[in-house]
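Labels below follow one simple rule: chain letters A, B, ... track the order of the sequence lines, proteins then strands, and each chain is numbered from 1.
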Amino acid sequence: MRTDIIEIRWHGRGGQGAITAAKIVANGAFASGFKGVAMAPTFGTERRGAPILVSLKISKNKIYDLSPITAPDMVVVLDHTLLDEVDVVAGLKENGLVILNAPKPLSEYSFGGAKIAVSDVTKHSVEAGLPPGIVNSGIIGAFSQATGLVNIDVMVAAIENEFVGKRPEMNSKAAKIVFENTAVGGYI
Amino acid sequence: MHIIESGNVAAATGVKLSRAQVIAAYPITPQTPLTEKLSEFVESEEFDAQYIPVESEHSAMAVCIAASSAGARAFTATSANGLLYMSEQLHWAVGARLPLVMCVANRGIGAPWTVWNDQQDTMSQRDAGWIQIYANDHQQIIDSVIKAFRLAQTVSIPVMVCYDGYILSHTYMPFEQPDQEQVDSFLPPFAPKNFLDPENPGNFNTVTLPDVRPGVDGKIEPGYIEIRHNLHEDLRTALDTYEEIDKEFEEQFGRGGNPLIEQYKCDDAEFVAVCIGSLSYQLRDVIDIMRDDGMKIGVMSVQMYRPFPDEAIVAVLAGKKCAIVLEKALSYGNQGALYGDIKSALYNSDTKPHVHNYILGLGGREIKTQHLLDALTESCTSPDTIGDTPRWIGLKL
């Protein structure tokens, strides 16, 4: 089995922008030397508000296997209310990481020993000037802080590039605020 | 410049760079984002083409036939039942020798409905006379579209560029986007000798008779069977033509070199897995695992399926212990179409390998690495006891 591929599964709701968030991280990772990048939404139909998955694989080498992620290294959850509906840590590797947009502090969450990072992305995105409910730019700040895989400055550029004509500065500001306000726990 | 986009956008970008002049298409999953992207390109005026929304796939192909007959570079795209709905017009486009290019995002055929990937749609059209090229990743999609326009107008035969629905059409991956100037020098404008021209009236595709007959100038004109014979001969020649076009593409863009088949670790292999499309890339990781366990195995993908590159395939497979043909389609009541083609190609070879046939992934059934490992391992460990009947992978009866 290839060990060079980092597998990241994104959980969001249809219409919440999880695909866009994963695409921005894909661009940031590619710009940071991850020449292998493959991002895929759940194949099939998508309904607004319903739980959705996005698979993102990144590697320094070309990726050949495009099948869906079953054993992620990390999961990113854009909406904490999904925790009641979806087993977001299904298949999560040992020493896996959960990155969570949630209003409560880190100590309130536990995922069977996984490392956890929490930020109130919903609140911080409003502080950045975005309308309530837009979290797909802010969550990237939490990703950058918790994983260290892609520098926040690279992410900011990728966000502003993606959101051209759609409040680019507010979106990148949301990521910057979240980056500074993400609590990262250790392995339990 | 590298961009990270979906396979459908790779296809649309290739069509734009190829300066197609007329696009007529009807949306169908998973092709839809391709036609949406093309209509966006046209609407924003970054792409100077006529985008003609039509009421059906049959009409889409009819509009392309008309546009191409009038001397325009025409393009359409579809999937699954949409492709079948235009089938009558597909045959017409070939017989009329029109250099259309069409993308097909491969999808299973209803009934029952499925929107997910297999390759039954294009495989069912293999005898129409269209050239069929299959892509394994996004770079091959965009490059194949550009090469397809060049090939189509060189041999006056339409070309289908096929790629796996969802697996490629909806996955975002990096690919190099060629410069417009480079594409322009590779792909000259479409300038047919004969086209519908009010200043120069003529008859196109009139009724032929069973036998040859003299034309208005007294010259003997071919009958139906001669015209069809010539189509077949020109298709066989298209294998060489595509190799030449690919070579020129490689010199100019630095990519290519595998226009008919693509091999991975086949040189010293005793066993070779053979398939079409993205599965061949998924198999590369499986091959590496098996190689670590000491199995001498490789994988080959068939990049051009029609015309069939039999000589190139036999050159790889003759002398091997076993060829393992994995297919996302089936000639129902018989066996996999590719399997039959490969066995036929090997028939006159002195050193025939055993040939096995596996059917998998129909209607988007997930193809698991472990299942592939199990199947290939079984073929490698008992090459002479597995019979001619197709074996199914991942079936839950």
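Interface with chain B: from residues 129-156 of chain A, no residue qualifies, criterion being any non-hydrogen pair under 4.5 Å. Contact residues of residues 166-182 of chain A toward chain B are absent (heavy-atom distance under 4.5 Å).
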Show the pairs of one donor and one acceptor atom, one from chain A and one from chain B, lying under 3.5 Å apart.
| residue | atom | partner | partner atom | Å |
| --- | --- | --- | --- | --- |
| A:R2 | NH1 | B:D285 | OD1 | 3.4 |
| A:K23 | NZ | B:E5 | OE2 | 3.0 |
| A:M39 | N | B:Y172 | O | 2.9 |
| A:M39 | O | B:Y172 | N | 2.6 |
| A:F43 | O | B:W116 | NE1 | 3.1 |
| A:G44 | O | B:Y166 | OH | 3.4 |
| A:K62 | NZ | B:D137 | OD2 | 2.8 |
| A:Y64 | O | B:Q282 | N | 3.4 |
| A:Y64 | OH | B:R284 | NH1 | 3.3 |
| A:D65 | OD2 | B:T369 | OG1 | 3.4 |

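Only the side chain of B:I289 comes within less than 4.5 Å of a heavy atom in chain A; its backbone stays farther off. Contact annotation for B:L279: neither backbone nor side-chain heavy atoms come within less than 4.5 Å of a heavy atom of chain A.
Two residues are said to be in side-chain contact when any heavy atoms from C-beta on lie closer than 4.5 Å; A:I63 and B:M173 fail this criterion.
The side-chain contact (heavy atoms from CB on, under 4.5 Å) search around A:V86 returns A:H11, A:P51, A:L82, A:V88, not counting sequence neighbours.
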